[in-house]
Amino acid sequence: MPPRIAVRDIAFFERPVRFVRPFRFGAVVINAASQAFVRVEIEVEGKGVAVGASAELLAPKWFDKRAELSPGQTVAELRRSLEIARGLYLGVREFQTAFGLHARCIEAQVAACAAENIPALAAAYGPAEIDKALLDATLRCCEVNFFDGMTANIAGIDASLSRDLQQEDITQFLRLCRRRERVAVRHTVGLDDQIDGPGGVADPTQNAGARYFKLKLNGDVEHDTSRLIRIGQELSTLSDDYRVTLDANEQYADLAALRALIDRLDRDSTIAPIAGKLLYIEQPMPREISAESPLGSLALRDFIIDEADDSYHAFPKARALGYRGTSSKSCKGIYKSIINATRAAKWSAQGDNFFVTGEDLTCQAGLAVQQDLALGALIGVTHAERNGHHYVDGFGDTPKSEAETFLAAHPDLYVREDSKVRLAIHTGDLLTGSLTSPGFASGAHPLWPAMSPLGQPETEILREQAI
């Protein structure tokens with residue numbers, strides 16, 4: 001039987017993260033942001049007390065892209081999502097499984113956030129971060145690593161939030177999961193990133209030897225086509241084979257605009273170095289438009305949802321519209337990723353091809369990148385968007401002693417270069433071997449005194465701007 005837990009304390013902290021280069025996606029440029037940290041204390045029934053942790057960037061203008069909101073307002077929504085979730089989780093006094101606690105709180109969380117005009121995707125942020133920390137504490141108390149614990153369903157994941165599945169579907173999927181020893185880095189090319197020559201997309205000092213590339217689109221067919229032609233010319237100089245994905249971040253207004261892009265990909269020979277290597281297209285249209293727009297003949301190409309993946313029902317609905325996949329992001333919820341991976345495996349066994357991808361640029365070195373990497377390695381992700389290291393210099397402003405602690409705990413995942421600890425990328429891959437210590441991929445925890453309470457970052461460095 002899965003262990004049952006009771007939450008005794010939940011604390012939030014925050015720390016600024018400066019970028020070494022601006023990142024532009026959609027209509028937003030980010031030069032810096034804040035990273036949230038969650039610390040929980042739980043009692044595991046019959047076993048004792050344990051502490052767990054999680055971390056995630058407070059990403060502006062992604063969870064909520066409404067034009068009337070400033071970047072700072074959308075970050076405030078994420079902080080509020082955390083606060084509402086804390087009240088709900090602490091309000092459950094009896095012992096529950098880790099997933100049972102999540103299932104008990106998630107509907108109330110979404111409703112409470114909706115009452116404050118916070119959309120469902122942002123509403124899920126608070127439970128997602130608390131759930132990661134609770135799972136970390138549970139695994140630590142039981143002295144089990146994430147992979148062994150999840151294959152045995154230590155969280156007690158059931159089908160109560162996914163009635164299209166049977167309990168045996170989930171149990172069998174988890175039982176068959178095996179840790180991937182290597183996960184390839186998919187290098188993101190932001191809309192303001194350099195394309196050509198030294199420092200460009202084909203420069204190994206910039207792309208870390210990646211064989212997979214994620215190319216951002218801005219929703220203008222002519223602009224995007226011209227840019228993709230230039231990127232294709234650069235990538236065709238690589239000595240190794242490569243594959244690409246495209247991400248529009250909801251920028252294509254409707255099916256007509258999207259069809260124009262697909263026509264160019266299908267018919268324009270100058271874009272063949274991209275079109276011939278294309279794996280899938282991510283979230284091309286606004287989430288509200290996507291829900292009302294069957295892809296029809298466009299589904300001859302593979303599409304996935306990302307921002308539209310805002311509930312446990314989103315993937316089945318997207319499947320009915322012609323989408324083949326959805327994204328796994330620990331900031332959207334570890335349990336939803338596992339449920340969706342179960343669905344993809346079940347549907348694919350029926351003779352078609354469905355999949356879950358790894359899509360999270362903003363994971364920073366330390367807990368965030370480790371926990372998201374472990375989640376992907378568990379559910380079978382072979383390559384993941386993973387270049388927070390490209391936009392942040394190593395551990396950034398993290399205290400040196402903390403970075404050194406992570407290096408000591410995870411010597412295959414980090415390396416010391418130029419007196420700084422950085423993510424270690426081995427011929428385009430990340431290694432997962434050291435993520436097998438007890439806990440949720442976290443052999444080390446942050447130094448809590450080096451942070452400020454949530455909402456009171458040490459230095460106000462938020463510099464996002466809408467364009």
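Every value quoted in this text rests on a predicted model; they were computed, and no experiment measured them.
- Between Phe355 and Tyr280, the two ring planes are tilted [angle within 30° to 60°].
- Of the residues listed (Ser434, Ser437, Ser442), the one engaging His410 in a side chain to side chain donor-acceptor pair (under 3.5 Å) is Ser434, and it is the only one.
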Checklist entry - Which is it for Ser290 and Gln283 under the side-chain hydrogen bond (donor to acceptor under 3.5 Å, both in side chains) test, yes or no, and what are the steps along the way? => result CA-CA 8 Å; Ser290 298; Gln283 194 63 55; 3.2 Å; yes
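- In this structure a side-chain-to-backbone donor-acceptor pair under 3.5 Å is present from Lys336 to Asp309.
- With sequence neighbours excluded, no residue forms a ring-ring contact (aromatic ring centres under 6.0 Å, His included) with Phe19.
- Here CG of Leu101 is found 5.5 Å from CD1 of Ile5. Values are rounded to the nearest 0.5 Å.
- Atom CD of Glu107 has 12 or fewer neighbouring heavy atoms from other residues, nucleotides or ligands inside a 6.0 Å radius.
- When each of Lys216, Arg24, Arg21 is tested with Asp192 by the rule side chain to side chain donor-acceptor pair (under 3.5 Å), just one qualifies, namely Arg24.
- The structure places NZ of Lys332 at 8.0 Å from CG of Asn340, a figure rounded to the nearest 0.5 Å.
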Next on the checklist: Evaluate Asn145 against Thr436 for side-chain hydrogen bond (donor to acceptor under 3.5 Å, both in side chains), listing each step before the verdict.
Outcome noted: CA-CA 5 Å; Asn145 70 62; Thr436 54; 5.3 Å; no
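- In this structure, the ring-ring contact (aromatic ring centres under 6.0 Å, His included) partners of Tyr125, at least two apart in sequence or on a different chain, are Phe63.
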Table please: side-chain donor-acceptor pairs of residues 36-44 below 3.5 Å, with sequence neighbours left out.
residue: Glu43; atom: OE1; partner: Arg8; partner atom: NE; Å: 3.3
residue: Glu43; atom: OE1; partner: Arg8; partner atom: NH2; Å: 2.7

